[in-house]
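Predicted model only: the values in this text are computed from it and were never measured.
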Amino acid sequence: MDKKQQIRQWWAEADSIVILGHVHPDGDCVGSCLGLWNYLKKIRPEAEVQVRLENCPAEFAFLPGADRISFDFSEEKAYDLCMCLDAGDALRLGDAVRYLKSASRSICLDHHVTNKGFCDINVVEPHASSTSEVLAEYLDPEQMNKDIADCLYLGIIHDTGVFKYDCTSEKTMCLAGRLISLGVDTRQMIDDTFYRKSFVQNRLMGAALLKARLLCGGRMIASFLSAAEFRQYEATPADTEGIVAQLKLTAGTEVAMFLYETAPGLYKISLRSESVVDVSRIAAQYGGGGHVRASGGRFEGDPEEVIAQVAEAVSLQL
Ligand code: 5GP
Ligand code: MN
């Protein structure tokens, strides 16, 4: 039996299924989880299917099923099957990892090059644009509908920067076309979920741009925001989406780095590169990972020291 048959069989056999994504859920995480939820609700109406995530950013709350997501990881429960989506390793599941540990069976669907496989069945396709694209391969085309299409389309536009990044392939575009034919309102979804920013988000972006500096002779741009600055702008980590991508648009840069403080002395790092530097290797040095052109991690220590270390690592790769 091949992987597709095996996965479909496990979906058919499980009476209770939990769907997990990564901490700080993004568009692909929420989109793939809800795409699978809508699909499983359709093919297994009698089964218990539950998405559990840390939170759901407000701009994704319109997706069908978003109001049924559980944000509670305290309930003790053992599911027949645990689906892990868009998470490169078990740590990325955060406290939801307990549902992976207690489940009888587990399946991982992902596209992170740093994913070594942490479930019973692992489907990791580093060349896929998104986990939503990986997932689409496993769904029966006959069972697709607009609800599922909305979720998957959202995942794809967020992980491809609206079909811009190199990960966008012919396969991605063919899938997107198929989803559009199911009725996705593409213009509105792209504007409302990708480009539109709240006042707070725009001010935070402005602060990050003002504080940016060039390193590596102009090939790298870096910016850092402290917890005090987040308080000043009444912003939260959920308001940082798009900042590192905007930094990366600076002419002449190969690498963009955005750092911010998540708790006293704890920092989140985001890295993007243009065409040469493998930022997943750099992120791995900070317990993180991701993709060759987009990676992240977290560390405890001195942000200035880390900026200098990353600049050094970038120089070596250039
Ligand atoms: P971002 O910078 O937007 O948080 O993340 C960029 C990419 O790197 C995403 O695909 C994300 O899943 C991955 N990533 C971000 N932070 C981490 C981390 O701490 N560990 C791992 N393994 N991947 C991460
Ligand atoms: Mn993804």
Side-chain angles (χ1 to χ4, degrees), residues 10-11 13-41 44-110 112 115 117-122 131-132 135 151 154-155 227 230-231 234-241 260-268 287-289 296-300:
W10 283 17
W11 284 345
E13 287 171 0
D15 291 323
S16 62
I17 304 174
V18 66
I19 303 171
L20 309 178
H22 58 76
V23 291
H24 191 18
D26 59 8
D28 186 33
C29 172
V30 178
S32 58
C33 287
L34 286 177
L36 180 58
W37 183 84
N38 280 288
Y39 181 81
L40 291 174
K41 290 300 266 185
R44 295 291 317 281
E46 72 290 359
E48 177 191 355
V49 187
Q50 180 68 61
V51 177
R52 289 181 181 269
L53 293 175
E54 189 180 71
N55 58 55
C56 176
E59 61 270 29
F60 308 144
F62 77 96
L63 284 177
D67 56 339
R68 306 286 299 278
I69 298 174
S70 166
F71 308 115
D72 172 25
F73 299 153
S74 67
E75 187 192 355
E76 194 174 320
K77 196 160 164 58
Y79 292 89
D80 293 340
L81 176 62
C82 176
M83 296 295 306
C84 298
L85 270 55
D86 206 33
D89 56 53
L91 270 179
R92 293 278 291 157
L93 299 172
D95 292 339
V97 73
R98 66 178 301 173
Y99 300 110
L100 169 64
K101 287 183 181 157
S102 59
S104 311
R105 289 169 164 177
S106 61
I107 301 174
C108 165
L109 300 181
D110 187 34
H112 291 96
N115 191 330
F118 56 92
C119 291
D120 300 327
I121 299 178
N122 298 283
T131 297
S132 299
L135 170 64
C151 298
L154 182 119
F230 274 75
R231 284 193 294 276
E234 296 177 9
T236 70
D239 297 312
T240 58
E241 207 61 55
Y260 63 88
E261 194 177 11
T262 54
L266 286 177
Y267 301 89
K268 152 90 192 161
R298 278 161 203 277
F299 69 93
E300 212 177 329

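For the pair R98 (side chain) and S74 (backbone), a donor-acceptor distance under 3.5 Å is present. When atom types are taken as modelled, the side chain of D80 and the backbone of R105 share no donor-acceptor pair closer than 3.5 angstrom. Here the side chain of E46 pairs no donor or acceptor atom with the backbone of D15 at under 3.5 angstrom.
Heavy atoms of other residues, nucleotides or ligands lying less than 6.0 angstrom from CD of E75 number more than 12. Taking a 6.0 Å sphere around CD of E48, one finds it holds more than 12 heavy atoms contributed by other residues, nucleotides or ligands. In K77, the NZ atom is crowded: over 12 heavy atoms of neighbouring residues, nucleotides or ligands sit closer than 6.0 Å.
To the nearest 0.5 angstrom, L154 atom CG is 5.0 Å from L63 atom CG. The CD1 atom of I121 lies 12.0 Å from the SG atom of C84; values are rounded to the nearest 0.5 Å. Interatomic distance, L135 CG to D110 CG, rounded to the nearest 0.5 Å: 12.0 Å. Taken from CD in Q50 to OH in Y79, the straight-line distance is 5.0 Å, to the nearest 0.5 Å. Distance check: C33 SG to N38 CG gives 11.5 Å after rounding to the nearest 0.5 Å. Interatomic distance, R52 CZ to D95 CG, rounded to the nearest 0.5 Å: 12.0 Å.
Relative ring orientation between Y267 and F299 is described as parallel, the plane-to-plane angle staying below 30° on a 0-90° scale split at 30° and 60°.
Closest of all the heavy-atom pairs between K41 and V49 is CD-CB, 4.1 Å. Closest non-hydrogen pair, S132 versus G31, comes out as OG-C, 4.1 Å. Scanning both residues, W10 and D120, for their nearest heavy atoms gives CH2-CB, 3.8 Å. Of all the heavy atoms in E54 and F73, the pair that sits closest is N-CZ, 3.6 Å. What you find for D28 and T131 is that their closest heavy atoms are OD2-N, 2.8 Å. Considering all non-hydrogen atoms of both residues, L53 and P25 come closest at CB-CG, 4.4 Å.
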